[in-house]
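Keep in mind the model is a prediction, meaning the values are calculated, not measured. Within every chain, numbering begins at 1; the chains are lettered A, B, ... in the order of the sequence lines, protein sequences first and strands thereafter.
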Number of protein chains: 2
Amino acid sequence: MEQVSHAQSEQVFHAQSEQVSHAEKEPVPAQKGTVTQRAIEQIKAMIAEGLLEPGQRLPTERDLAAQLGISRSSMREAIRALTVLGVLEARHGSGIYVTQLEAGDLLETFGVVADLSRGPRLVELLEVRRVLESTATALAAARITPEQLAVVEGHLTAMNATDDPEEILAHDLAFHRAIAAAAGNDTMAAILEGLSSRTFRARVWRGYQQEDAFARTRREHARIHGALAARDPEAARAAAAAHVGEVEQWLRGQLGSP
Amino acid sequence: MEQVSHAQSEQVFHAQSEQVSHAEKEPVPAQKGTVTQRAIEQIKAMIAEGLLEPGQRLPTERDLAAQLGISRSSMREAIRALTVLGVLEARHGSGIYVTQLEAGDLLETFGVVADLSRGPRLVELLEVRRVLESTATALAAARITPEQLAVVEGHLTAMNATDDPEEILAHDLAFHRAIAAAAGNDTMAAILEGLSSRTFRARVWRGYQQEDAFARTRREHARIHGALAARDPEAARAAAAAHVGEVEQWLRGQLGSP
DNA sequence: CGGCCGTAGTGGTCGGACCACTGGGCTGGC
DNA sequence: GCCAGCCCAGTGGTCCGACCACTACGGCCG
């Protein structure tokens, strides 16, 4: 509405486009895509080739921009992009650093998928979670240490000791997180973390908890814990699959009757 | 080195910081994080709440920036961030649009994880892939249509008809992609796509193919195809798990002797 | 010797100018 | 009357330069 007259037609052609003035002997100047996109790829490539180690500090934005022959603005966009991907980390006043490139760093964006999905895709996500969660639980049954098992048990009892839905949800998350951690596959744990993100579960639970879900959930969790304590991978796998599958089936039924 | 004298100490304090000058009755002005980060969250929230439908066009960068009370530069960083996440899509000269928010759009970034992972995490990724791939193959065995099966078969024969590693790799990818598509879970297919990204597999294969891997791969693929044709989910699951597990075990052994 | 403080340096933000591309309306030829 | 082509307003892409907010380091003072 309040779009004033831009008057951008009085363009004096300024000699600004000498951005690639210097000699470029490359057979293909690789003018593909935007300069920002190119910068993203180049930084990614530098990391992939080992020129940038995890935790290492990068040159300043100004230097990086000069190095790749682009403006600081474009370089900042590239850095921002790699920041949200969990590849880089910018510390105000200090510098830009490569993250540890661990599963948790890179898979944080996975939560966005869960947050923005709805309808049929929620069921698909739960199906993926069922597969991974059951596997992780089975692995945990074989590898879990007594200390880790105690943590799991702690969340189980804490979850049974309260009626506050918020607290129950928190301990529910921690329960599964502890199991995933005990499975020994950080990547799988990180994916499951994303698939169980706070907003995602809260959204599903909003209606699910109105059923007799609390009692059922407690029973299922007890069964999972029992299988872990018994070091029975197959029982653990079955219990976990049934647990997630329960919610999955309920959600599948909800799709037809909004 | 060639860092010239910035001379940025002659700062005349300009009245520029009236960015939040207007009345803000919120109990907490939510000054958390950077303005760009806030913009990202706000746009994400708009989409999550349904204010922005998939495919819909957003206001211009300039309008959006004005709406949220930030500069166009910061807004552009936010847009760029959401672009790399597969949430938004910018078309030069036309406008900014919300993507279809399908699994493929949002999980495209998953490939970055595979590209930047190395060492033990590669094994973890293969373990995840083994779990998902075997499940997807089992599902496909139960649901695949004759047309889809024909496509799978086509890639199998094409892969057996050439000796060009590049071409074999391409058909190998397409073979598994076709199976994943037949499983009926787009989300799972998208994740598997990321786990089988071109650069990822090329890196692993670089050494793997020197063994007698070609013949073995062909045999395993034939076994998978046979299970699909026989509509035998359990056999398909086993064949797929063995196929991925083969590479997984080889890679596991490689870790000790670089 | 230790804490305080100044300051250089770095990421964060802003505003404006200009470039490159798209799309629809206008014009002119057929 | 219709279609092709041109024209141009609008929009994303890029660049620049200034300034703000924060960090880290080192010298100064008690």
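Residue whose closest nucleotide on DNA chain D sits further toward the 5' end, between A/Y97 and A/S74: A/S74. Closest-nucleotide positions on DNA chain C for B/G93 and A/S73 were compared, and the one nearer the 5' end corresponds to A/S73.
For a distance-only test at 3.5 Å, the side chain of B/R62 fails to qualify as a donor-acceptor partner of the base of C/dG16. No N or O donor and acceptor, one from the side chain of B/T60 and one from the base of D/dG10, sit under 3.5 Å apart.
A sub-4.0 Å separation between OP1 or OP2 of C/dG15 and a side-chain N or O of B/R72 is absent.
Computed from coordinates, the A/M75 CE to D/dC16 P distance equals 13 Å when rounded to whole Å. Look at CZ on A/R57: it is 10 Å from C1' on C/dG11, rounded to the nearest Å. Counting to the nearest Å, the P atom of D/dG13 and the CD1 atom of A/I40 are 12 Å from each other. Atom CZ of B/R76 is separated from atom P of C/dG12 by 17 Å (rounded to the nearest Å). Regarding B/E61, its CD atom lies at a distance of 11 Å from the P atom of D/dT11, rounded to whole Å. Between the CD atom of B/E77 and the C1' atom of D/dG12 there is a distance of 16 Å, rounded to whole Å.
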Evaluate the side chain to side chain donor-acceptor pair (under 3.5 Å) criterion for residues A/Q37 and A/T34: first the C-alpha distance (whole Å), next the side-chain angles of each, then the deciding distance (0.1 Å), finally the verdict. CA-CA 5 Å; A/Q37 199 62 39; A/T34 67; 4.7 Å; no
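In this structure, B/I79 reaches neither bases nor backbone, as no heavy-atom distance under 4.0 Å exists between it and the strands shown.
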Let me have the donor-acceptor pairs involving side chains of residues 77-88 of chain A, under 3.5 Å, with sequence neighbours excluded, atom names and distances please.
unit_1	atom_1	unit_2	atom_2	d
A/E77	OE1	B/R76	NH2	3.4
A/E77	OE1	B/R80	NE	3.1
A/E77	OE1	B/R80	NH2	3.4
A/E77	OE2	B/R76	NE	2.8
A/E77	OE2	B/R76	NH2	3.3
A/R80	NE	B/E77	OE1	3.1
A/R80	NH2	B/E77	OE1	3.4
A/T83	OG1	A/I79	O	2.7

Side chains of residues 186-195 of chain A: which donor-acceptor partners sit under 3.5 Å, not counting sequence neighbours?
unit_1	atom_1	unit_2	atom_2	d
A/T187	OG1	B/E124	OE1	2.6
A/E193	OE1	A/R177	NH1	2.9
A/E193	OE2	A/R177	NH1	2.5

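With sequence neighbours excluded, the residues forming a salt bridge (charged side-chain N to carboxylate O under 4.0 Å, His left out) with B/R130 are B/E248, listed by chain and number. Residues meeting the salt bridge (charged side-chain N to carboxylate O under 4.0 Å, His left out) test with A/R201, sequence neighbours left out: A/D172.
Identified under the ring pair (Phe, Tyr, Trp, His ring centres under 6.0 Å) test for residues 164-184 of chain B, with sequence neighbours left out: B/H155-B/H171, B/F175-B/H221, B/H176-B/H221, B/H176-B/H243.
Nearest nucleotide to the B/S94 side chain, out of D/dG13, C/dT13, C/dG23: C/dG23. In this structure, the nucleotide among C/dT13, C/dT10, D/dG12 sitting nearest to the side chain of B/T36 is C/dT13.
A salt bridge links A/E166 and A/R198; the closest N-O separation between the charged side-chain nitrogens and carboxylate oxygens is under 4.0 Å.
The stretch residues 80-92 of chain B touches DNA chain C through B/H92, each having a heavy atom under 4.0 angstrom from the strand.
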